[in-house]
Structures are given as structure tokens and as C-alpha cells.
Amino acid sequence: MDPPLQERYKTLFANSTKELKSKTADNNNNNKDIIEECELPLIDLGRLISLDEKEKDGCKEEIARASKDWGFFQVINHAISREILEKLRCEQVKVFKQPFNKKHQSFSAGSYRWGTPTATCLRQLSWSEAFHIPLTDISNPAGLTNLSSTMVQFATTIAALAQNLAEILAEKLGCKSSFFEENCLPSSCYLRMNRYPPCPISSDAFGLTPHTDSDFLTILHQDQVGGLQLVKDGKWFAVKPNPDALIVNIGDLFQAWSNDVYKSVEHRVVTNPKVERFSTAYFLCPSYDTVVESFCEPSVYKKFSFREYRRQVQEDVQTMGYKVGLKRFVV
């Protein structure tokens, strides 16, 4: 298997045999607790360029409402052509199909990641591999000219989209500021190309374990295999793929900045026993020195730098096996 997930984590499989047979995992960690498939709120961003101010503001209001009620929404007419998205997936498949021992050479050191080195049980293991690439590195992959040019086109447009959405969400809070433009720069934002290989134990392992995102906004392009799931009203729902849409979700930093108005929602990716899945995500992140604090008082969270937040997340994952997140920063 490429990557060698079964070989690398064989101890977890051996240690978890009894647990897998008993099927006593709680509902929050069980792949089979899905109630139903859901369609995320669908927002036509073409309305933002309407000459009708009422139509334009209605679109902005839908974005804010979905961010409050769901923490997730999908957008169409997002300015990224189907041609670019299809080309990106094609080139993405090629880079993942490289020999395992060459993948780490494709981008800067540490960009290629697979599995979950800190996992102590199967429920903490992500059955996936990824290239985690700062925007400043996307134009320099080793010998991957076609991928590089496609990534640059994709990233340029999606970065502008993320900035626009962040500004709209700030505006709907009554905050017209240049905060995101000043603090979320190409040097701190990144792309993550994901591959979820077929999994022989698909009922017992996640493609990506349950988590919230540690950024302001995430914008995702996924294929039609499906597997993304999120929590709504205390239940897990499967997100129905839409070939014309990009998926947007609120991250922890925006929840803190908005003083809990916008929601960073727990989500995960489940595995498929026969079909591999691909996706590409853009993460709107600030520099490590950026201080995040609620836009109004009284604040739910104490202010913190992005460096402090990342360090706390990493410490929790190392020591506890999972991310605690914003609960660590409640006033």
C-alpha cells in the first residue's frame, strides 16, 4: 500500500482487535452514526456584483446567516472555472501517484504528510496523505511545472475569494476593517492537497479524524466521491457533493474574533473501502504574531496570538491524542 499505512500502524491494528470486534466506540467516533445526507446552504456569489444593492446585501446576509447557523456553506459562481478545477485534480493525482520514497521531494521539507504519527488507537488515525504547502512555495515544486501553474491560478483566485468572504463576514458584524488584508498574507496562508486511499477497515478508521479548523476560513474543492461529514444540532450529517460548488467553513479564529457569532463546526472525512478520494483546501491564516481578540465586549475568549494557539493545539494532540481548541482560551 502507498503510503504504507497498514505496515506503519500495524501495532494499532493488533492492539485494537478486541475493540473493533466489540464495536463499543461512542457515537462521536463511530462512522455509522450518520442520520442523513444534507445539502449545505447554497449561495450564488454572482449576486455580489449585482447593480441592485438589495440583491447584493441579501447575498451577504445569506453568507452571515449560514456562518452562524451551520458554520459551513457552499458557493457557486465563485470565479474559478471548471477547467481549472478539473486540471488541478488531474495534476494532483499525478503527484500522489509518484513512488512513495519520492513524494517528500516534491515540495519543501515537511510538506508531505501521511497518517497520524501521534495516534495511540485507530480512532486517532487519519487514513490519508497530504501535501501541506505555503502559498509562497506553490510555484516551486520539483519538476512539476503543470501542477505549479495550475496551483498558482487556483490559489490566486481562491485567496481573493477568501479575503472577500472574510470582509463580508466582518461587515455583517459592523466591522469594516482591513484586519484580514493586513494579517492574512501569502506567507501565512496555504494549500493542502489531500488523498484518501481505499481503506480495508473503512468502518473503523477515519480518512480525517473529527476536528475543527485552526484558521479564519477554509475553502474546499472536493471530488464527487463524498465522505465529508459535519455536526449539526448534535448529530453527524454527510455532505452531499456538488460538482459546481466550493465548500466554505468557519475556523476557530473567526469564531473567537466574532465572539461566538460565527461557528467553527466539528467535521471529519470517512473512508471508502474501494474508491480513493481527492480534495484541495485553502486555509486563510494570519501570521504567527497576529493577536486574535473578540470584536466586542464582554469577550468570550481571552486574546491570544496565533502562535500561542498553534502551540497549545500541538501540545494537546501530543499529550492527549486530540485537539481541545478554543475551550483552552475561554475567559
For K103, is there an ion pair with D2 - N to carboxylate O distance below 4.0 angstrom?
yes
Quick one: are L228 and R277 in side-chain contact, heavy atoms under 4.5 Å?
yes
With a 4.5 Å heavy-atom cut-off, do L88 and E91 have their side chains touching?
no
Within one Ile-Leu-Val-Met-Phe-Trp-Tyr cluster: V275 and M193, side-chain cutoff 4.5 Å:
no
Can you find a pair of side-chain heavy atoms, one from N249 and one from L220, that are under 4.5 Å apart?
no
Are the side chains of R192 and Y282 in contact, using a 4.5 Å heavy-atom criterion?
no
Run the salt bridge (charged side-chain N to carboxylate O under 4.0 Å, His left out) test on K172 and E61 for me, step by step, so that the C-alpha distance in whole Å, both residues' side-chain angles and the decisive distance to 0.1 Å come before the verdict.
CA-CA 7 Å; K172 299 310 291 184; E61 184 59 40; 3.4 Å; yes
Sequence neighbours excluded, which residues qualify as salt bridge (charged side-chain N to carboxylate O under 4.0 Å, His left out) partners of R311?
none
Please round to the nearest 0.5 Å and tell me the distance separating atom CD1 of I250 and atom CZ of F72.
9.5 Å
Do T145 and S148 get their side chains close enough for a donor-acceptor pair, meaning under 3.5 Å?
no
For F216, run the ring pair (Phe, Tyr, Trp, His ring centres under 6.0 Å) check against F283, W257, F179 and tell me which one passes.
F179
With heavy-atom distances below 4.5 Å as the criterion, would you say the side chains of Y196 and T271 are in contact?
no
Would you call R195-D223 a salt bridge at under 4.0 Å N-O?
no
Is the backbone of P286 close enough, under 3.5 Å, to the side chain of T290 for a donor and an acceptor to pair up by distance?
no
Side chain S126, main chain T209, donor-acceptor under 3.5 Å:
yes
Rounded to the nearest 0.5 Å, what separates atom CG in N194 from atom NE2 in H132?
10.5 Å
Could you verify whether a donor N or O on one side chain and an acceptor N or O on the other, from Y301 and D260, lie under 3.5 Å apart?
yes
Between the CG atom in D289 and the CZ atom in F306, the distance rounded to the nearest 0.5 Å is 11.5 Å
Under a 4.0 Å threshold between the charged nitrogen and the carboxylate oxygen, would D69 count as salt-bridged to K263?
no
Side chain proximity check, P210 to H267, heavy atoms < 4.5 angstrom
no
Going by distance alone, is a donor N or O of one side chain under 3.5 Å from an acceptor N or O of the other, for T120 and Q124?
yes
Relative to the ring of Y112, is the ring of F131 parallel (under 30°), tilted (30 to 60°) or perpendicular (over 60°)?
tilted
Of E53, E55, E171, which is the lone residue that meets salt bridge (charged side-chain N to carboxylate O under 4.0 Å, His left out) with K60?
E171
Other than M320, which residues form its hydrophobic cluster under the rule that side-chain heavy atoms must be closer than 4.5 Å?
Y322, V324
Grouping I, L, V, M, F, W and Y whenever their side-chain heavy atoms are under 4.5 Å apart, do Y190 and M151 come out in a common cluster?
no
What's the separation between atom CG in L45 and atom CD1 in I168, rounded to the nearest 0.5 Å?
7.5 Å
Salt-bridged, K323 to D252, with N to O below 4.0 Å?
yes
Could you give the distance from CG (L185) to SG (C285), rounded to the nearest 0.5 Å?
11.5 Å
E276/K97 ion pair, N-O < 4.0 Å
yes
Do D215 and T218 have side-chain atoms, one donor and one acceptor, less than 3.5 Å apart?
yes
Please examine the side chains of L169 and F254, heavy atoms only from C-beta on, and report whether any two atoms are closer than 4.5 Å.
yes
Is E62 salt-bridged to R47, going by a charged N under 4.0 Å from an acidic O?
yes
Would you say the side chain of Q74 lies within less than 4.5 Å of the side chain of V248, judging by non-hydrogen atoms?
no
Would you confirm whether S188, through its side chain, and C184, through its main-chain N or O, come within 3.5 Å as a donor-acceptor pair?
no
